[in-house]
Amino acid sequence: MIHPPEYTLVSHVSTLNSVLPPLLKSEVLAIDCETTGLDPLTDSIKLMQIAVPNHPVVLIDLPAIPQSHRALLKKLLGNSALKIAHNAKFDWQFLTQARLQPNGRFFDTQLAYQVLNAGIKTSASLQNVTAQLLHIQLDKTQQMSDWHPPFTQAQLRYAAWDAAILLQLYPILLKKLKQAKLFKIAQLEFRCMPVVAQMELNGMLFDLSQWQILGAKLEAKKTTALQQLKQLHLAGNAQMSLLPELTDTINPNSPQQVLAALQAMGIDLKSTNQKDLIPLAQEYPVIQALLDYRHLSKITTTLTDSLPQHIHPKTGRIHPNYYQLGARSGRFSCRHPPLQTIPRDPAARNCFIAAPGHQILTADYSQIELRIVARLSGDSRMRQAYRQGSDLHRLTAALVTGKPISQVTQEDRRLAKAVNFGLIYGMGAAKLCIYAEIKYGVTMTLAAAKAFRKRFFHAYSGVAEWHETIKRAYIRGTKESRTLAGRRRKWASQPRLAEMLNHPVQGLNADINKLAMAKLFQPLAETNAKLICIVHDEIILECPETMIDQVSHILHNCMVAAAQKFLSPIPVVIDIKASNTW
DNA sequence: TCAGAGTGCGCC
DNA sequence: AAACGGCGCACGCTGA
């Protein structure tokens, strides 16, 4: 049983300066902040809590301490002690905005818990983590209370608990991480945390007027597409003597109604998703019209209206939330808005712009997943291809079509791309047909897909063997997977084979990208360039025009070093572009 | 009426 | 024997 923590409330400079010196000697510092709200750009800290072992928790009424008297506090937060926090990104952002940026090493109890439980559905709230690891039920009733002095006893007790409990969680999580051989991965996450926190604060500059022009165009196209769809539907039903009014009663956004309508037109369909519709688009104009409408509807509803709502009134920029462990694979997820799903269409991406005197620097890993497969499988043909700097998609095209590389057409290459990406994750012939059509506009018969599949694994026999190794683990009933960097994904029940084939690749991609980010933190801080977005294998900076060369160099070096650590001897290629827009 | 599963699709 | 993976969001629909 853990006793309620003692605490000292500091609401005066003199108390602060007598209370802080012993804390300066501590190797660990547990930190928590109570704020006026959740937005570090507009809200502020009302109370900050600092806990060190064998000492009452220090509760600082921050607004009561003038900026000019925070030197000692600043020194404490900036020292080399290990800073422990739950969801440290939040506290880092608020403290940074208060000119109290924490420094040194970090231990985020939330990230630690998420690293340990990657793949398992579980809440990583402080309340749940504490319940699971310490069997203590934290009272969170004060969390949303009005943090305004004079603080109530209940508020102060709650605040003290939140910081004190971190000191209890830390050794338990540390031990678990080490036992599970996950400490290194956790440290990678901890190193990434300030980078992510700063990236969110930076945000992306967005050209609203250009976006609205684009939106209006898309809206008009959508209307046209809908009219076209209705006309074709009517025409299709004319011979069947259905009532014209029926067309107007059908909701084009309802898969159920659309399916019924298409079936009534005599089209043999089981579902109205892309994969079923695309093969019929040539034959039935109404289906092409539906696909066109769907596409435009998707873009307009999810982006045209929503993106402008995320422009921050204070900065004029878009500041999404990135979740370091938002994906089971170890990848980031991104929300509010999801900048990782902005269409590749330049018309859309050009609306993300650089500030005056700046440029957008985008750097992405070239074919990183295939290179990872080459590394993990050790496939000799892939390794050789990459060592020679040849184009692996062309090579695959040559191998599966039997043509010499010089005669490989663009169409062949597109087909090979589908084959490469599909087959490495265990795709079957049937899905390969669909996938090739949808993703690359390549039509192939089932027999052709079967043949390609066979030739692919014959040509890349190392990949086939690598699949076999994973398949054996799968058959043994293994319920976890590790990346080369040691990241673990667990499954609560039986995984699917494809998930087990995918995780070592997608997960290592995440490891590499995170290592690159961590490496970027210090060198980037010494420039005026800012990290503004991350899209899985792409790093986007906003950089002063005068520093493009210097920053490109830094970016390149960090990304190469991060990837080489795991990919060597497979070479790493980074594509870097500078432009006025994304 | 409303939460939540399901469908569909944008990105990597 | 066969089996691509990872997200977030908007929508219509279901069921309590």
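Lettering follows sequence order; numbering is per chain, from 1.
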Among dA3(C), dC11(B), dG6(C), the one nearest any side-chain atom of A430(A) is dA3(C)
To the closest 0.5 Å, what do you measure between CG (N502(A)) and CD (E369(A))?
6.5 Å
Could you check how far CG of L339(A) sits from P of dC7(C), rounded to whole Å?
18 Å
Roughly how many Å is it from CD in E499(A) to C1' in dG6(C), rounded to a whole number?
10 Å
Any Lys/Arg nitrogen of R487(A) or E189(A) sitting under 4.0 Å from an Asp/Glu carboxylate oxygen of the other?
yes
Roughly how many Å is it from CE in M500(A) to C1' in dA2(C), rounded to a whole number?
17 Å
For a quick check of understanding: with a heavy-atom distance under 4.0 Å over all strands, which category does Y435(A) fall into, base, sugar-phosphate or nothing?
base
Rounded to whole angstrom units, what separation is found between the CG atom of N420(A) and the C1' atom of dG5(C)?
16 Å
Whole-Å distance separating the CD1 atom of I540(A) from the C1' atom of dC11(B):
12 Å
More than 12 heavy atoms of other residues, nucleotides or ligands under 6.0 Å from CG of L38(A): yes or no?
no
Which nucleotide wins on minimum distance to the side chain of R349(A), given the candidates dG5(C), dA10(C), dC12(B)?
dC12(B)
Would you indicate what Q506(A) reaches in the nucleic acid, counting non-hydrogen atoms under 4.0 angstrom: base, sugar-phosphate, or nothing?
base
Closest approach to the side chain of R331(A), judged atom by atom: which nucleotide of dC12(B), dA10(C), dG10(B) is it?
dC12(B)
Classify H336(A) by what it touches in the nucleic acid, base, sugar-phosphate, or nothing, heavy-atom distance under 4.0 Å.
sugar-phosphate
For the side chain of P343(A), counting heavy atoms from C-beta on, which of dG6(C), dG10(B), dC9(C) is nearest?
dG10(B)
Does dC11(B) have OP1 or OP2 under 4.0 Å away from a side-chain N or O of H536(A)?
no
Just compare dG10(B), dG12(C), dA10(C) and give me whichever is closest to any side-chain atom of T341(A).
dG10(B)
Does H458(A) have more than 12 heavy atoms from other residues, nucleotides or ligands lying within 6.0 Å of its NE2?
no
Within the structure shown, what part of the strands sits under 4.0 Å from Y474(A) by heavy-atom distance: base, sugar-phosphate, or nothing?
base
Could you tell me how far apart Y365(A) (OH) and dC11(B) (P) are, to the nearest whole angstrom?
23 Å
Between R335(A) and dC9(C), is there a contact of a side-chain N or O with OP1 or OP2 at under 4.0 Å?
yes
Any idea which of dC11(C), dA3(C), dG6(C) is nearest the S329(A) side chain?
dG6(C)
S481(A) side chain to R489(A) main-chain N or O, any donor-acceptor pair under 3.5 Å?
no
Using a cut-off of strictly less than 4.0 Å, decide whether R487(A) has a side-chain nitrogen or oxygen near OP1 or OP2 of dG6(C).
no
Tell me whether the centres of the aromatic rings in H393(A) and F421(A) are closer together than 6.0 Å.
yes
Would you indicate, yes or no, if dG8(C) has its OP1 or OP2 atom less than 4.0 angstrom from a side-chain nitrogen or oxygen of S333(A)?
yes
Let me know the distance between CD1 of I434(A) and P of dA3(C), rounded to the nearest Å.
10 Å
Select base, sugar-phosphate, or nothing to describe what I342(A) touches, counting heavy atoms under 4.0 Å on all strands.
sugar-phosphate
Length of the CD-C1' vector between Q309(A) and dA10(C), whole Å
13 Å
If you measure from the C1' atom in dA3(C) to the same atom in dC11(B), how many Å do you get, rounded?
24 Å
